[in-house]
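Only one structure is covered here, and it is reproduced in the block below.
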Amino acid sequence: MKVVVVESAPAAARVVADLVERFVTTAPRPALGLATGATMAPVFAELVRRHREHGLSFARARAYLLDEYLGLDREDPCAYRNVVHRLLARHVDLGAGAVHGPDPHAADLDAECDRYERELLAAPIGLQLLGIGSNGHIAFNEPGSPLDSTTRVVALSGQTRAGNARFFPAGQAVPARAITQGIATIRAADQLVMVACGKHKAQAVARAVEGPITSEVPASAIQLHPNVTVVLRASAAVGLSESLRADTQ
């Protein structure tokens with residue numbers, strides 16, 4: 001595992017964008033796993049800038065959503081497919097139909113989860129972007145999620161819903177359920193890049209990176225993966241041991 005500590009969110013975005021750029025320009029058939037959330041917005045903005053100013057092309061790439069809410073209208077701007085379209089896809093040269101995700105409106109959600117799981121494994125994902133929740137979740141795998149879990153419908157914790165409420169208009173409830181890639185599904189990607197910015201993530205980051213591997217901290221499963229880069233703003237790294245915090249960029 002490589003840990004990179006930087007002083008600002010824009011600096012973190014540049015480090016992550018470097019990894020994404022290298023992947024999409026060198027992989028024969030790049031399949032990129034996309035997370036969303038506040039941490040990823042600067043990353044998407046940096047990728048869009050590189051596309052516009054330096055010609056970074058996504059024409060050969062396919063993108064796969066990490067998770068998706070249940071219960072939102074198809075056009076709801078808070079649906080993750082729409083977030084990815086608004087912040088990234090419409091600004092770059094991703095081809096028509098290049099963004100893939102689970103269908104939260106499927107009549108049979110269990111069958112849809114099985115279908116998306118098969119699609120992800122067949123892709124396969126070469127680089128998976130990840131955030132981390134303040135309770136240690138990755139994707140929507142809440143504490144207690146089995147480490148061998150696959151794509152499925154999950155209930156969202158009160159802590160996760162409260163943390164995500166800022167992305168929703170006043171008066172609109174955060175959905176109580178979602179479809180998420182499982183922990184085993186995430187680990188099947190060739191490379192994982194986890195990003196965290198903010199002191200409120202520091203404890204979760206420390207437990208994920210240096211604590212015991214446990215289902216109570218789903219993000220700790222990244223320790224089982226052979227190719228992981230963790231990109232942290234300094235405030236999110238304060239809980240790490242001194243040796244890991246020493247290499248600050």
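Because the structure is predicted, anything quoted here is derived from the model rather than measured. Count residues from 1 along the sequence.
Closest of all the heavy-atom pairs between A219 and A208 is CB-CB, 3.7 Å. In terms of heavy atoms, V99 sits closest to A89 at CG2-CB, 4.1 Å. When all heavy atoms are compared, the tightest approach of S134 to A204 is O-CB, 3.7 Å. Taking each heavy atom of A59 and S57 in turn, the nearest pair found is N-OG, 3.1 Å. Scanning all heavy atoms of the two residues, the minimum distance from L147 to A221 falls at CD2-CB, 4.1 Å.
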Evaluate the criterion side chain to side chain contact (heavy atoms under 4.5 Å, CB included) for residue pair D18 and R50; output intermediate values, then yes/no.
CA-CA 10 Å; D18 285 344; R50 293 183 187 201; 2.8 Å; yes

Check the pair V154, H137 against side chain to side chain contact (heavy atoms under 4.5 Å, CB included), reporting the backbone distance first and the verdict last.
CA-CA 12 Å; V154 296; H137 74 249; over 6 Å; no

I179 and L65: CA distance, side-chain angles, deciding distance, side chain to side chain contact (heavy atoms under 4.5 Å, CB included) verdict:
CA-CA 10 Å; I179 294 175; L65 302 186; over 6 Å; no

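To the nearest 0.5 angstrom, I213 atom CD1 is 4.0 Å from L224 atom CG. Rounded to the nearest 0.5 angstrom, M1 CE and N227 CG are separated by 11.0 Å. We find the OG1-CG distance between T150 and D114 to be 7.0 Å, quoted to the nearest 0.5 Å. The structure places CD1 of I138 at 8.5 Å from OG1 of T180, a figure rounded to the nearest 0.5 Å. Expressed to the nearest 0.5 Å, how far CG of L66 lies from CG of L130 amounts to 6.0 Å. For the atom pair CD of E46 and CG of L88, the computed distance is 12.0 Å after rounding to the nearest 0.5 Å.
Between Y69 and F168, the gap from one ring centroid to the other is short of 6.0 Å.
Grouping the Ile, Leu, Val, Met, Phe, Trp and Tyr side chains by contacts below 4.5 angstrom, directly or via other members, places L121 apart from I125. Hydrophobic clustering keeps L156 apart from V217 (ILVMFWY residues linked when any side-chain heavy atoms are closer than 4.5 Å, directly or through intermediates). In the hydrophobic clustering of ILVMFWY residues, with side-chain heavy atoms under 4.5 Å counting as a link, L94 and V20 come out together. Grouping the Ile, Leu, Val, Met, Phe, Trp and Tyr side chains by contacts below 4.5 angstrom, directly or via other members, places L72 apart from L70. Note on V153 and V174: separate hydrophobic clusters, where clusters join Ile, Leu, Val, Met, Phe, Trp and Tyr whose side-chain heavy atoms are under 4.5 Å apart, directly or indirectly.
Judged purely by atom type and a 3.5 angstrom limit, H100 has no side-chain atom pairing as donor or acceptor with the backbone of A63. Using a distance-only test at 3.5 Å, with no hydrogens or angles considered, no donor-acceptor pair links the side chain of D148 to the main chain of A184. N141 places a side-chain N or O within 3.5 Å of a backbone atom of Q181 that can act as its donor or acceptor partner. In terms of modelled atom types and a separation under 3.5 Å, the side chain of Q128 and the main chain of R187 share no donor-acceptor contact. For E68 (side chain) and R81 (main-chain N/O), a donor-acceptor pair under 3.5 Å exists by modelled atom type. A donor-acceptor pair under 3.5 Å is formed between the side chain of R86 and the backbone N or O of P77. Using modelled atom types, no side-chain atom of D73 and backbone atom of E75 make a donor-acceptor pair closer than 3.5 Å. Distance alone, capped at 3.5 Å, is enough to place a donor-acceptor pair between the S149 side chain and the I183 backbone.
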For residues 189-201, dump all side-chain donor-acceptor pairs below 3.5 Å to protein atoms at least two apart in sequence or in another chain.
from	atom 1	to	atom 2	distance (Å)
K201	NZ	I132	O	2.8

Pair up each side-chain donor or acceptor in residues 22-42 with any protein partner under 3.5 Å, not counting sequence neighbours, and list the distances.
from	atom 1	to	atom 2	distance (Å)
T25	OG1	E21	O	2.6
T25	OG1	R22	O	3.3
T26	OG1	R22	O	2.5

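With a 4.5 Å cut-off on side-chain heavy atoms, F58 and L47 count as touching. Within the 4.5 Å cutoff, side-chain heavy atoms of L240 are placed close to those of L232. H54 is not listed as a side-chain neighbour of L56, based on a closest heavy-atom distance of 4.5 Å or more. Counting only heavy atoms from C-beta outward, the side chains of H91 and R49 never approach each other to under 4.5 Å. Under the 4.5 Å side-chain criterion, counting only non-hydrogen atoms from C-beta, T151 is not in contact with P102. Looking at S220 and T214, their side chains come closer than 4.5 Å, going by heavy atoms from C-beta outward. Using a 4.5 Å heavy-atom threshold, the side chains of I222 and V230 count as touching.
Side-chain polar atoms of T185 and R152 form no donor-acceptor pair below 3.5 angstrom. Between the side chains of E142 and S157, at least one donor N or O sits under 3.5 Å from an acceptor N or O.
Taking the charged nitrogens against the carboxylate oxygens, D103 and R74 do have a contact shorter than 4.0 Å, which makes a salt bridge.
Every residue meeting the salt bridge (charged side-chain N to carboxylate O under 4.0 Å, His left out) condition with E119, not counting sequence neighbours, appears here in chain and number order: R115.
For CD of E53, the number of neighbouring non-hydrogen atoms (other residues, nucleotides, ligands) closer than 6.0 Å is greater than 12.
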